[in-house]
Amino acid sequence: MLDPHYLRNHLNEVAKALKSRGFELDTDAFAQLEEERKKLQIETQALQQERNEKSRSIGQAKARGENIDEILTEVATLGDRLKESEQKLAKIQAKLNDIMLRIPNIPHESVPFGESEEDNVEIRRWGEKPPMDFEPQDHVDIGTALKMLDFETAVKITSSRFVIMKDQIAKLHRALIQFMLNTHTSEHGYTEVNVPYLVNAESMQGTGQLPKFEEDLFAVREHGFYLIPTAEVPVTNIVRNEILEVGDLPRKYVCHTPCFRSEAGSYGKDTRGMIRQHQFEKVELVQMVRPDESWQALEELTAHAETILQKLGLHYRVITLCTGDLGFSAAKTYDLEVWLPSQKTFREISSCSNFLDFQARRMKARWRNPETGKPELLHTLNGSGLAVGRTLLAVMENYQDEKGRIHIPKVLQPYMEGTDVID
RNA sequence: GGAGAGAUGGCAGAGCGGUUGAAUGCACUGGUCUUGAAAACCAGCAAGGGUUAAUAGCCCUUCCAGGGUUCGAAUCCCUGUCUCUCCGCCA
């Protein structure tokens, strides 16, 4: 959520910035609602003040043993007027709040302007394409031939966009998780957490999935829970409604969870293989930091995610998302894209974002600034470190040989009990 | 799932329907004392919002959440959520 104060006073400026990411803010309607709110709020508070004063004088008169009939008649209609005013105000505040919750974050000034992913800007590359003097297969063909990926049975059990991993592929998948968690905890200073996979609506609102993106989520409606689309939701909400002391910052969490996405609206997109599944696993990095440290934290967090790709020896590039491709809550996002030989292109494997105080304001996540002594909103960041399913297929494709075998990167071999090739 | 108890400031913990936004302790901040620290003593210290140029005043809201009773609710009533104890079930 944007700062309501700031929005009110810089309405046109904000509207212009939001337009760069394709969001139209109806400034006239907002300004009018805001004016109404102001009038009603002043009126309501004046009535409340009057009630408080009269009630207090009744109490005092009674204590002195005086007659209170006169004051009581004065107050007779006050209750009804106040109630009416309060209800009107509540209604308009709810309306404004709903609007506020649906306004995306303002892109940071360093974010390149653009309309779609076409306009994203590559900022660096690492590594090289693996040399292959044969036509590379995709992970579906490799995994199916090995009888270690089974899409058909998963359809029987559930539906499309699910998969069954078996044997050495399942183990490789598990090895990747362990490797990522160990790297981030031992080398990057993150604290490992294990969190609920079902969350309530407040948590979803806190990180920005609700109210606007309900159709992207799976829900357990009879309990009012949602399946998490990313560990970002439960992990970031750890600090919801908290005031952290300065010594408690930064908080750096790493968390492995399954992620559940309905993929509404992506019909026909990436239908083959494990690129886009309803259920996939991810190791997520989440940071809560002092506001003056968040931009540096974004660079560090991105580097932490990159470390995984580097240790795995996977060729990748880093891009800055342009204004039009930016996610709802993010002020700036770097995507890591890994090379996929079968598609002869780079595909997203991590997304690292600074949300500034956008999520923190929704969550009331604060820290006590020792300079002012007052609670202030903190900044939140997160990034995949990495998406495990996509990393798995990147390893399968980049480390395949002409016989359809998969060679295991050195760093993973200890997690594979010494296995160096899957065949 | 059944029975009972509870939910108050960063934490612990009082609180008669009427200056209670809330005693007290801890923590924290400032000061005195001290070579320094500790201790002791003194003082300060909830959050959110409105108005405003203002981090000045003034005002409003908030004692789990949502309703209700009342001129007035932390205090009374109803509903929900959560926590704890016991029983049942269970990885």
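Remember, it's a predicted structure, so these values are computed and weren't measured experimentally. Order of the sequence lines sets the chain letters (A, B, ...), proteins ahead of strands, with each chain counted from 1.
What separates CG of Leu89(A) from P of U51(B) is a distance of 11 Å, to the nearest Å. Distance CG (Asn241(A)) to P (G48(B)): 12 Å, rounded to an integer number of Å. Here G72(B) presents its C1' atom at 14 Å from CD of Glu86(A), a figure rounded to the nearest Å.
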Under 3.5 Å, which N/O atoms of the protein pair with N/O atoms of nucleotides 66-71 of chain B?
unit_1, atom_1, unit_2, atom_2, d
C71(B), O2', Ser55(A), OG, 3.1

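The side chain of Lys38(A) contributes an N or O atom lying less than 4.0 Å from OP1 or OP2 of U52(B). For G48(B), the OP1/OP2 oxygens have a side-chain nitrogen or oxygen of Arg366(A) closer than 4.0 Å. Considering only side-chain N and O atoms, Asn52(A) lies nowhere under 4.0 angstrom from the phosphate OP1 or OP2 of G72(B). Arg8(A) has a side-chain polar atom (N or O) that falls below the 4.0 Å cut-off from OP1 or OP2 of G50(B).
Heavy-atom nearest nucleotides on RNA chain B were determined for Phe225(A) and for Lys364(A), and the one closer to the 5' end corresponds to Lys364(A). The nearest heavy atom of RNA chain B to Ile42(A) and to Gln48(A) marks one nucleotide each, and the one closer to the 5' end goes with Ile42(A).
Between G48(B), G10(B), C60(B), one nucleotide has an atom nearer to the side chain of Gln45(A) than all others, and that is C60(B). Proximity note for His5(A) (side chain, C-beta onward) versus U52(B), A47(B), C60(B): the nearest is U52(B). The side chain of Gln41(A) sits closest to G50(B) out of G10(B), G50(B), C60(B).
Residue Phe358(A) forms a side chain to side chain contact (heavy atoms under 4.5 Å, CB included) with just one option from Asp3(A), Leu2(A), Thr207(A), and that option is Leu2(A).
Salt-bridge formation is detected for the pair Arg347(A)/Asp270(A): a Lys NZ or Arg NE/NH1/NH2 atom is positioned less than 4.0 Å from an Asp or Glu carboxylate oxygen. Ionic pairing of Lys147(A) and Asp167(A) is not present here: no N-O contact between side-chain nitrogen and carboxylate oxygen is shorter than 4.0 angstrom.
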